[in-house]
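Take a look at the structure below.
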Amino acid sequence: MGSKWVEVRDSLVDVLKVDEVTEAAKQQVTSAILSEVLPAVENAADAFVTATREQSKTETGWNKWRDGIVLPLIISGVLYAMKTVLEKTVSNTAGAATMETSNAVTA
């Protein structure tokens, strides 16, 4: 995972080395997060959630609820929300770019 992360980090750093952040740069960063960063985070979160749920079987009281329900729900919810927002941003921006291109052609 370390070398893949270094590649992602370096590509993001290269993209952000500009005087002006263009729409294309923002799209590239968002796409890199969706395709490379988020899947790695999701895998780590899945392993964590699985481990905490397993540990909740031996816990009592608040710790049982925390490990079995609260932490898994928060982690899964936050990742789902991030992914959904980024995907909608990419699709909406791509749609807007297509409309701008078609308007420029017809003008």
Side-chain angles (χ1 to χ4, degrees):
M1 183 177 150
S3 64
K4 185 67 171 174
W5 169 245
V6 170
E7 288 177 30
V8 170
R9 182 199 64 204
D10 291 347
S11 68
L12 290 175
V13 168
D14 289 342
V15 166
L16 295 175
K17 286 184 180 176
V18 292
D19 294 332
E20 181 181 329
V21 178
T22 64
E23 187 60 38
K26 291 186 269 185
Q27 284 292 329
Q28 187 175 359
V29 169
T30 304
S31 294
I33 290 170
L34 277 169
S35 66
E36 298 176 27
V37 175
L38 205 51
V41 172
E42 288 174 325
N43 287 338
D46 287 344
F48 181 82
V49 166
T50 300
T52 58
R53 281 192 173 142
E54 190 61 34
Q55 291 171 357
S56 75
K57 294 175 184 177
T58 60
E59 298 285 353
T60 59
W62 165 246
N63 290 341
K64 184 174 189 78
W65 286 90
R66 177 198 64 194
D67 294 353
I69 298 172
V70 175
L71 288 176
L73 184 62
I74 290 171
I75 291 168
S76 299
V78 167
L79 287 174
Y80 174 79
M82 285 175 41
K83 187 174 186 176
T84 301
V85 167
L86 290 173
E87 286 173 344
K88 287 187 181 285
T89 301
V90 168
S91 66
N92 286 345
T93 307
T98 303
M99 288 177 59
E100 286 177 14
T101 303
S102 65
N103 287 342
V105 171
T106 58

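Here, residue 1 is the first one in the sequence, and each next residue gets the next number. Side chains are part of it too, since the values below use all heavy atoms of this structure and drop only hydrogens, waters and symmetry mates.
Once rounded to the nearest 0.5 Å, the distance linking CG of Leu34 with CE of Met82 reads 9.0 Å. For the atom pair Asp67 CG and Glu59 CD, the distance stands at 5.0 Å (nearest 0.5 Å). A distance of 8.5 Å separates CD of Gln27 from OG1 of Thr89, quoted to the nearest 0.5 Å. Rounding to the nearest 0.5 Å places CG of Asn63 at 11.5 Å from OG1 of Thr52. From Ile74, atom CD1 reaches atom CG of Leu79 across 12.0 Å, with rounding to the nearest 0.5 Å. A distance of 4.5 Å separates NZ of Lys83 from CD of Glu42, quoted to the nearest 0.5 Å.
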Checklist entry - Do Val90 and Leu86 pass the side-chain contact (heavy atoms from CB on, under 4.5 Å) test, and can you show the C-alpha distance, the side-chain angles, and the key distance before you say yes or no? => result CA-CA 6 Å; Val90 168; Leu86 290 173; 5.6 Å; no
Item to check | side-chain contact (heavy atoms from CB on, under 4.5 Å) evaluation trace for Lys88 with Thr84 | outcome: CA-CA 6 Å; Lys88 287 187 181 285; Thr84 301; 3.8 Å; yes
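Under a hydrophobic clustering in which Ile, Leu, Val, Met, Phe, Trp and Tyr are joined whenever their side-chain heavy atoms come within less than 4.5 Å, directly or via other members, Leu38 and Val78 fall into the same cluster. Under the 4.5 Å side-chain contact rule for hydrophobic residues, Phe48 and Val70 share a cluster. Tyr80 and Ile33 sit in two unconnected hydrophobic clusters of ILVMFWY residues. Membership requires side-chain heavy atoms under 4.5 Å apart, directly or through other members.
In this structure a side-chain-to-backbone donor-acceptor pair under 3.5 Å is present from Ser11 to Val8. A donor-acceptor pair under 3.5 Å is absent between the side-chain atoms of Ser76 and the main chain of Leu73, judged by distance alone.
Taking all atoms of both residues into account, the shortest heavy-atom contact from Ile75 to Ala45 is CG2-CB, 3.6 Å. Gly68 and Ser56 make their closest contact through N-CB, 3.4 Å (heavy atoms, listed as atom of the first residue, atom of the second, distance). The minimum heavy-atom distance linking Pro72 with Arg53 is given by the pair CB-NH2, 3.4 Å.
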